[in-house]
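In this chain, numbering begins with 1 at the start of the sequence shown. Note that the coordinates shown come from a computational prediction; the quantities given were computed from them, not determined experimentally.
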Amino acid sequence: MRFIQIPSVLHEGGIHSLDIDNDNTKLITGGKDNTIKVWHTTILTRITKVKPGDDPDNIIKELNPLATIKSHSHLINSLKWFTTDSNSFISSDIEGFIYIHNIKDDTHVQIYPQPQTNAKSVVDLSVSKDDRLVAWSTTDGKVFIYDITKKTIQEISTLTKAQKLVTQRSIAFDPTNNYLVTVGDDTIINVYQYAYDTTTTKFYKIRLINKISRLFNKSPLNVKYKRISWSPEGDLISIPTARKNQTSLISIISHSRNWQNVISLVGHDFSCEVVRFNPKLYSEGKNDSNNIYSVVATAGSDKTLAFWNTSKDAPLSVLQDVVPGEILDMAWLNQGDFLVLCTSTGHLGVVGFADQELGWKVSDSTMESLKKLQTELVKPMNHRYEHNQPSNRRIALPPIEMLDQKDAIDTTKLAPSSDKPDSTEDSSKQQGSSNGKDKLEVKGKIEPEIIPPPNMEDPEGASVDWLHSAMSDRNASSTAKTATTSTVKSTSRVKPVTTSLTTDKQKVSTKNGKRRIQPILISANGSSSSQPASNISSKPSAPAAPSNTQKSLMEFDKPSYSVSNSFYQSNKRPKSDEPNGTSTSTKKLKREMEPVKFIGSVILNPNTAFSKVRLATPKVRFGFQLTSRAEGESAGGLFILDIKNGSGNETKPSRITYFKKDREIWCDFIPKLIHLACEGSIFWAISTIDGTVLVYSHISGKRLLPPIVLGSGISFLESHGQYLMAVTCLGELYVWDMSVKKLELKTSICALLDLGQRFSEDGLSKADNITLCAVTARGIPLVTLSNGSGYLYNKDLGVWQTIAESWWAFGSHYWDSSDEKRPQSLGLFNNGDEEQSIVDLLEYKTNEEIIKKTRAGRGKYFNKISKNMIMKEGFESLENTISVSHLENRILCCEILGEDQDFHRVFLTYVQRICELGFKAKLFEVCQELLGPEKEDSKEWNPKICGIDKRELLKEVITACSKHRDAQRVLIHFSKKIGLVDEFV
């Protein structure tokens, strides 16, 4: 594959659309300068074939347009070639003008807007495979279809029956000439089916067969355009810029699988707006029966170009920042070996592929057989589709509704407007001759004309849609049908007059280019009224909307897929709760979303799919380095482990290199991607994205163990001393002792993340985040969470135990009492003789989480809460009780972690506190434990605790607490036992 960007800036720095004809000879581009340029494709293909080292400037100088067409007066946003005629194409601009061009005859025919209408900005445009139908969408949410053969126009967006039309960002016909798909800002994908009748008239019929809303639940607000695409055989359709939660993806929908999502392509960090299928199908071998697949090119505003194989969920290649601007459109040559793209900065880019680089092309006979198979799967127009209902109740299927071309507007019978054009309209909307050179002639101001209120029964007086009012030559049945439609639509503008004085403002409408002001009716009995009150009251009111479109104002949206369907239905407010059983609110209710299952590969690892815990894994970096802690601190960072990731396969493996003073000591290659690494006292450890851990000798790089396969991705890889710890994305925790090459412990962190706070019947719930994961010099795992709690794993008991929590920070007098200086590291390494407390570190982490949650400050927050609590009856001794509990827990944790200095300091503080509070029973029990049995040679009794002799510690306790009078009787008793005082005193 080779990518070449043409340095020439075209269309004044903005190319918004391009397309290549079916003969692979001509390329059309359009954009910011309101012109269309036709180029020869051979020059572009010659650029990609230039050998490395040769100068392609001579070829670039030959890049001159074959023709320049100036028929538009605004930015051109869509261009499409016709399939059967390589000399004709269609174009549209942002002001709503659509032209059909023929470069051979030099003709330009305007098909939209029609006479007596105002243009609406065109968003996207598509042409059917037989070159008969043209469909486009406008910014007001409407979708139109135009028959080039019969010159009729018809609005098909009425089939959706939406309360409010939503802009359809992309529209595309399928290659089998049976379907039309639109994608809107409301994240709904509309699938239309059309067919021609077998009569001599060959009229088409079109119907809406599916509305897909379960693929994605969010549409980016910054997306102004999308380019969907069909696969060449007509089975797959790609939907770009889909969002599930915070993940951007491209959804691939299959027609043969009942419009289900068969694969999701995740590879763009930001929005991906343009997707183009390769016009050829490929197979893995010369034989067409070997795994036939399609190739997809994706690009967008993130300046990233990616190529995908639809049989895999990983991209074939990803080119980041290949162009300076946003990629707005792409087009393949029919042979599938070249791709041309355009950018918002006015540059063209060409991507060329070598033979068999994408695979073996499928023969034309196999392609035709696959198209025939897709055509055979098409249901007849009278087929009733059964969609899944939200409940188990049987609901009668609605009648089939479709539009017939017989009801379309014949544009040849629309008389041109003879009225004066409004001077306030843009002159570009009144296009003159076909070449676009004539200008609008303004003949002066137009004064408003006051007319009587329109008659409800007269379709000419009411303000109706132009597609119905413009019909001038219709029979009696069509006129009656139009009058009924006009009556329904005019009720939103003409209001019945009451007997009281109204303050409604005058309404101004435009008809036939003239502004008309509707008069205000003052009173039913007043002389200024143009009609009697009886006539007004007797007018038929607007028919009520169908009952199935009424929605209650207080419907409950399903909060999560973790809530059962039966619970949701039982708590959903019925429509009868509203007054009179109906709702008059015009508020647009949020559409219900389908539950989000899993995002990613279709083939899931069962171990991952059914795990109760899922942790995030670090992203893969191109490269990173680790400075040796054992040697680098003394040598000034001269010992470095350098990791360079390749492509994750055998063609370009990842490289691991150990340097000493920029000199390579040892090196290793592995055909996988590396994302984590750590260092122990005697080893280096790295982990790959598939959950494999490799351990090397610290000095020579010799393999200490065969690769350790954990079966799932690794979220944390930590080490200290001789211990190595790994935490997988499923919550499994392993600690190995590398000095003896044995497993120290294996457990799960599921108990820390759940803690019974959330209940999930059939799904996952979001738990607290892990903010720290480490291992101590004794091989004890440490974990802190975003709720402020810190935990350690007790190997003797086989359970997790709490070290710190926000409750003790709230009420203990001794919380963070040793915070003389902020911890500078994880507290797991000794700096000379000074010991950094692990408990201090975890309490500091708890303080950080509390400060994050309370912006007012920890002091004001706790002061406010403590005052409210202590003032209540029964909570007078709250702070003292919490302080004692905190000290007791800290003493026990120091004993487990082996923190001698911290244990000694906290223990003396604890005994003095219980003496101050008069807790004689606790003091007696503490002293009894320090005294031990009378015979010191007892096997069950350990004379030392945290490296301190218990009898000596008892003497310190007696000396430190002797000033408290309430505790003196207990202290004298134990003083006599150890001979500290005379027994007869």
Side-chain angles (χ1 to χ4, degrees), residues 778 792 794 796-797 799 801-805 807-808 811-818 835 837-840 843 870 874-985:
R778 292 190 173 188
L792 63 84
N794 194 323
D796 297 332
L797 298 178
V799 293
Q801 293 182 311
T802 304
I803 300 179
E805 62 181 21
W807 172 245
W808 290 326
S812 175
H813 293 150
Y814 301 97
W815 177 261
D816 207 12
S817 58
S818 60
E835 177 181 324
S837 173
I838 297 176
V839 181
D840 288 344
E843 291 187 358
I870 296 174
F875 292 89
E876 296 82 3
S877 60
L878 176 66
E879 290 180 306
N880 291 332
T881 304
I882 295 176
S883 300
V884 173
S885 300
H886 170 233
L887 291 175
E888 290 174 350
N889 189 84
R890 181 157 184 171
I891 291 172
L892 296 174
C893 292
C894 291
E895 185 178 353
I896 297 173
L897 297 173
E899 296 192 335
D900 302 343
Q901 297 180 12
D902 197 27
F903 170 83
H904 183 262
R905 178 180 55 81
V906 176
F907 183 81
L908 293 179
T909 304
Y910 168 71
V911 294
Q912 293 184 40
R913 185 63 174 174
I914 59 178
C915 290
E916 292 176 359
L917 298 176
F919 294 158
K920 300 177 183 179
K922 288 188 177 184
L923 178 62
F924 183 87
E925 189 174 356
V926 170
C927 294
Q928 183 66 40
E929 184 178 355
L930 295 177
L931 178 63
E934 295 182 359
K935 297 181 179 180
E936 296 185 4
D937 58 350
S938 177
K939 296 181 180 181
E940 297 179 358
W941 186 70
N942 186 4
K944 291 188 177 182
I945 180 172
C946 288
I948 306 174
D949 185 83
K950 292 184 177 180
R951 296 287 177 89
E952 295 297 327
L953 185 59
L954 178 59
K955 293 180 181 179
E956 292 187 40
V957 170
I958 295 174
T959 304
C961 299
S962 59
K963 60 181 179 180
H964 301 285
R965 185 172 183 82
D966 293 341
Q968 288 179 357
R969 179 170 296 183
V970 177
L971 298 176
I972 290 175
H973 171 75
F974 287 98
S975 299
K976 294 179 180 179
K977 291 286 186 179
I978 61 176
L980 187 61
V981 297
D982 192 356
E983 186 176 357
F984 298 100
V985 174

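Atom CD of Gln968 is separated from atom OG of Ser975 by 10.0 Å, given to the nearest 0.5 angstrom. Residue Ile896 holds its CD1 atom at 5.5 Å from CG of Leu792, rounded to the nearest 0.5 Å. Once rounded to the nearest 0.5 Å, the distance linking CG of Leu930 with CD1 of Ile958 reads 9.0 Å. Here the CD atom belonging to Gln912 is positioned 12.0 Å from the CG atom belonging to Leu917, to the nearest 0.5 angstrom. If you take CG on Asp900 and SG on Cys946, they are separated by 5.5 Å, rounding to the nearest 0.5 Å. Taking CG of Leu953 as the reference point, atom CD of Glu929 lies at 10.5 Å (rounded to 0.5 Å).
One finds a salt bridge joining Arg890 and Glu843 here, because a Lys/Arg side-chain nitrogen approaches an Asp/Glu carboxylate oxygen to under 4.0 Å.
By the side chain to side chain donor-acceptor pair (under 3.5 Å) test, Ser812 is found to be paired with His886, residues two or more places apart in sequence or in another chain being considered. Legend: residues meeting side chain to side chain donor-acceptor pair (under 3.5 Å) with Gln801, ordered by chain and number and at least two apart, are Asn794. The salt bridge (charged side-chain N to carboxylate O under 4.0 Å, His left out) test applied to Glu888 returns Lys922, not counting sequence neighbours.
Leu897 places none of its side-chain heavy atoms less than 4.5 Å from the side chain of Arg778. Counting heavy atoms from C-beta on, the side chains of Ser837 and Glu899 come closer than 4.5 Å. Taking 4.5 Å as the limit, every side-chain heavy atom of Asp902 sits out of range of all side-chain heavy atoms of Ile838.
Sorted by first and then second residue, the pairs that involve residues 958-977 and meet ring pair (Phe, Tyr, Trp, His ring centres under 6.0 Å), not counting sequence neighbours, are Phe924-Phe974. Pairs engaging residues 895-918 under the ring pair (Phe, Tyr, Trp, His ring centres under 6.0 Å) rule: Phe903-Phe907 [sequence neighbours left out]. Listed by first then second residue, pairs satisfying salt bridge (Lys or Arg N to Asp or Glu O under 4.0 Å) with a partner in residues 953-972 read Glu952-Lys955, not counting sequence neighbours.
Across all non-hydrogen atoms, the minimal contact from Val839 to Cys894 is CG2-SG, 4.2 Å. Between Ala967 and Leu923, the shortest heavy-atom distance links the atoms CB-CD2, 3.5 Å.
Within a 6.0 Å radius of CD in Glu925, other residues, nucleotides and ligands contribute 12 heavy atoms or fewer.
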Note to self: Could you go through Val957 and Val926, starting from their C-alpha distance and side-chain angles, then the distance that decides it, and tell me whether this counts as side chain to side chain contact (heavy atoms under 4.5 Å, CB included)?
What the structure shows: CA-CA 10 Å; Val957 170; Val926 170; 5.7 Å; no
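Judged by distance alone, with hydrogens and angles left aside, the side-chain atoms of Arg913 form no donor-acceptor pair with the main-chain N or O of Val884 at under 3.5 Å. Under a 3.5 Å cut-off, the side chain of Lys977 and the backbone N or O of Ile972 do not form any donor-acceptor pair.
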